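Presented below is the structure to which this report refers.
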Amino acid sequence: MRTYTNVKDLGNLNEAVKEALEIKKNRYAYKHLGENKTLLMVFFNSSLRTRLSTQKAGMNLGMNTIVLDINQGAWKLETERGVIMDGDKTEHLLEAIPVMGCYCDIIGVRAFAQFENKQDDCEEKILNQFIKYSGKPVFSMEAATGHPLQAFADLITIEEYKKTQRPKVVLTWAPHPKALPQAVPNSFADFMNEADVDFVITHPEGYELDPKFVRGAKVEYDQDKALAGADFVYAKNWAAFADSNYGKILSKDRSWTVSTEKMALTNNAYFMHCLPVRRNMIVTDEVIESPQSIVIQEAANREISAQTVIKRILESL
Amino acid sequence: MRTYTNVKDLGNLNEAVKEALEIKKNRYAYKHLGENKTLLMVFFNSSLRTRLSTQKAGMNLGMNTIVLDINQGAWKLETERGVIMDGDKTEHLLEAIPVMGCYCDIIGVRAFAQFENKQDDCEEKILNQFIKYSGKPVFSMEAATGHPLQAFADLITIEEYKKTQRPKVVLTWAPHPKALPQAVPNSFADFMNEADVDFVITHPEGYELDPKFVRGAKVEYDQDKALAGADFVYAKNWAAFADSNYGKILSKDRSWTVSTEKMALTNNAYFMHCLPVRRNMIVTDEVIESPQSIVIQEAANREISAQTVIKRILESL
Amino acid sequence: MRTYTNVKDLGNLNEAVKEALEIKKNRYAYKHLGENKTLLMVFFNSSLRTRLSTQKAGMNLGMNTIVLDINQGAWKLETERGVIMDGDKTEHLLEAIPVMGCYCDIIGVRAFAQFENKQDDCEEKILNQFIKYSGKPVFSMEAATGHPLQAFADLITIEEYKKTQRPKVVLTWAPHPKALPQAVPNSFADFMNEADVDFVITHPEGYELDPKFVRGAKVEYDQDKALAGADFVYAKNWAAFADSNYGKILSKDRSWTVSTEKMALTNNAYFMHCLPVRRNMIVTDEVIESPQSIVIQEAANREISAQTVIKRILESL
């Protein structure tokens, strides 16, 4: 594997999940792979889970790990050719990225959607420049349009908890006070569409996700109908994607909050969320603290999804 | 050992000091203990000595170490249940803490007193939530009411430098321009009360420490009388603890500064301070630069106290 | 080697370059040297290349590495004796530096020129206090008047790319929107004066560098004449050094920008720069993207120069 940005990069998904579960049983069995190899983690945005779990994954594999926090305000990269750089941008990405590539063997990059220019976000400008110019294998630690380490961890978690061969999995929009990127729901849809599940997406009208990720998934605007019989409820907020409303909040309707009443409509479903989560906006205290909540187990699997991806990249070096 | 927050956690204090001195002689002898184990250091406040010495201690033991700086302003944790999280707090501690616990084997936490709510400080809200919810052994890297790694290092240093079986140890308040927590003097009293020393506390009236830590120690309001015949002078500023004045500065009286004249009252005492120290407020240049000043040796022992604590926790895993 | 601040510290320069090229062929061959040794990297200023390359170099040598970012605004060191520290400076360097020395075996320090007081900059106050008070070997990761890890990497790069026994190397000033220290051109001159090259410096009048570093080098105020027949063009901006103009910008004349026309005057020279570089101020897009540009290879050699220096220090412990 040379890059990891979406579900396709994993190849056969069943085999990837199987490999992940093997790694989870014995996460120090592959330390020889990372010997004398360096993982560089580049953060353009803040991070808790991704930072810790990916660093842990690299160390499990015996790698040296370097974390580079790029304070977006302080270190501005020029991205256009031909510019006379007499302003506040001190370095051009065409130098900065290959230089970072010099000092490591694998690069993880986190660069969120900016919600300033939809085309820039959709083109994954920063991530793709790392892929193109770093000279090293690159994996996404959440980019503008996807968060594939999260979605892979989600799939592993569903595999561990599912009680039927083909569970019903519902991705439901929920309210939030700030405009959030679509990266997590995009990647979740990207993965669920390839997995052996009955996948349904529910959200208020106007919150349609990029068709590139939704593909053939069923979209149901009535949350109650969507939740009926669900085995897994995956809650997440996102801002609107449609052109004229790109990055805008259209609703903060708390009737979409996942509550005990909503969960009662399901087949005693497990509750999932990528975290961090706003309690009593996205989900009630009662639901997230219930035995059916598997958000911590899901977070713990971030170490496993990251380790599986990094292991595969190491094997391909 | 599952937690380390006070002197009692060390059990027999003589044996703990003996073990520390053994470790100091050969600090790489226990690297097998930390193999494939991860130390997570969580800082809610800034740090120099604690950060470096604890990280070094973990690495001496062969551990992987991860440092997580939580900028208090940027990453606000909600602590109350039932709150609708539509404000500036993006994550609830009930998720954040168990998640951090997922990615490590041992957690060190630094969370100072806020001086906003005495009860919150005294209850050690943040530290205790880590102990309760992380699922992993937790040790204090300075909390609201104690700094037990510092006090353990202090005791090791006294053991190394004492010339009599039962030295006289004087903890003296000294002036400082800002309101400082009582964590260091509390833990120093906590340890000295259990050690084989003649322990005296001196401070201006109104600066009485929490009786929970002072216990049976002698309190002498006349600094000169307290210093008479001392073998060790331990200087430290702290703000008032008494309810109505909690967190306030009652005095900046520089006649309490530890000077050559003050040291002349002692039995050629060693001078100690946890650092950082304000020169010519807490202590004069002359005293801190004298051969009797052992502040650097004391700081060096922070690595040893941390390593002893982490070693014991590793042995209990 | 106990300190590394200038070319003299390397001793025989040919042997140093030879050793560096050996290390480059097999950079993991010396891991035993750094076992149970800790590298502390102290940054008073921000860093990309130096941070990554030096950390990588330490890890290549099997060391534990600790990075300490000292936010200059937040952590003010008092430097004068006798001061009553009742202001905003919380610690005196006379304590802070030996304490840092306690927790490591080797210290790297980055502390730029402040352009506030020429004498302070020229005396290398911060770097020299680390050398004097830390008790450990110290190397410069760019100080006020020199950047010897950069210059050593530059020399290695020239050695790798030179086509004649004694190439002509031209250091040319180029325009920049902000006032930059002289550290890089100083060290480059310091090294080139000792290397087997034909060394020429060119800059507008008024930009004369410190004679301590220029020594016998030829200074040519006409850039075109200087560039004639050059085998290597090393571009860099710096602010004025002369007393009355110390730290000032005297010119932003873009006729000094290294362009294709300028490069046409040379002997098909390689283009070098320490990075970060302002495109179309220092150098045109066309030149820096040309096959003759070796700025990335030069940056990659920062890992090698750092590793050679740290290896030598480890061997001397």
Side-chain angles (χ1 to χ4, degrees), chain A residues 32 34-44 55 58-59 62-109 130 132-136 317, chain C residues 26-29 31 41 45-65 67 69 71 153 175-178 180 237 249 252 254 257 273-286 288-289 293 295-304 306-307:
Chain A
H32 56 286
E35 197 188 350
N36 295 336
K37 295 284 183 287
T38 301
L39 170 63
L40 175 62
M41 299 165 62
V42 181
F43 289 95
F44 288 82
Q55 195 172 352
M59 296 187 310
M63 301 186 79
N64 293 321
T65 62
I66 301 181
V67 175
L68 185 68
D69 277 303
I70 295 178
N71 181 319
Q72 241 175 326
W75 193 65
K76 299 202 172 176
L77 281 179
E78 181 56 60
T79 58
E80 301 301 320
R81 276 191 86 250
V83 169
I84 297 168
M85 290 175 61
D86 57 357
D88 61 343
K89 295 178 178 173
T90 58
E91 186 151 22
H92 202 288
L93 70 92
L94 290 171
E95 278 77 54
I97 291 175
V99 163
M100 290 189 234
C102 287
Y103 307 131
C104 65
D105 300 282
I106 301 176
I107 304 182
V109 178
F130 272 86
K132 190 167 176 188
Y133 297 117
S134 72
K136 295 293 158 67
L317 287 181
Chain C
N26 190 358
R27 54 195 84 186
Y28 301 105
K31 283 180 77 172
M41 300 165 62
N45 305 95
S46 59
S47 170
L48 172 64
R49 269 153 290 274
T50 298
R51 170 187 306 260
L52 297 179
S53 63
T54 311
Q55 196 172 351
K56 179 80 158 58
M59 297 187 310
N60 289 351
L61 288 160
M63 300 185 81
N64 293 321
T65 62
V67 175
D69 277 303
N71 182 320
H176 192 279
K178 292 189 181 168
L180 296 186
N237 174 268
I249 294 175
K252 297 187 186 179
R254 297 234 307 278
T257 301
H273 188 279
C274 63
L275 305 181
V277 67
R278 302 270 186 149
R279 284 176 172 229
N280 303 308
M281 292 292 292
I282 301 285
V283 57
T284 62
D285 289 320
E286 203 174 19
I288 201 168
E289 294 177 1
S293 168
V295 294
I296 304 301
Q297 296 91 323
E298 184 186 355
N301 277 333
R302 291 290 309 279
E303 179 181 337
I304 305 307
Q307 187 171 341

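Per chain, numbering begins at 1; letters A, B, ... match sequence-line order. Hydrogens, waters and symmetry mates play no part in the numbers below; they use all other heavy atoms, side chains included. What you see is a predicted model, and the numbers here were worked out from it, not measured in a lab.
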Do [X] and [Y] have side chains that get closer than 4.5 Å, going by heavy atoms?
| X | Y | result |
| --- | --- | --- |
| C:Leu61 | C:Gln307 | yes |
| C:Arg278 | C:Lys178 | yes |
| A:Phe43 | A:Leu68 | no |
| C:Met281 | A:Ile84 | yes |
| C:Arg302 | A:Tyr103 | yes |
| A:Met59 | A:Leu39 | no |

- Counting heavy-atom pairs under 4.5 angstrom with chain C, the leader among A:Leu94, A:Asn36, A:Asp86, A:Leu40 is A:Asn36
- Greatest number of heavy atom pairs closer than 4.5 Å to chain C - which of A:Val99, A:Ile66, A:Thr38: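 When all of A:Val99, A:Ile66, A:Thr38 are compared, A:Ile66 has the most.
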Side chain, backbone, both or neither of [X] within contact of chain A (heavy atoms, under 4.5 Å):
| X | result |
| --- | --- |
| C:Glu289 | side chain |
| C:Lys252 | neither |
| C:Arg51 | side chain |

- Query: Is it the backbone or the side chain of A:Glu78 that comes under 4.5 Å from a heavy atom of chain C, or both, or neither?
  - Reply: neither
- Task: Give the member of C:Thr284, C:Ile282, C:Ile288, C:Val295 that has the highest number of heavy-atom pairs under 4.5 Å with chain A.
- Result: C:Ile288
- Residue among C:Arg27, C:Lys31, C:His176 with most heavy-atom pairs under 4.5 Å to chain A: C:Lys31
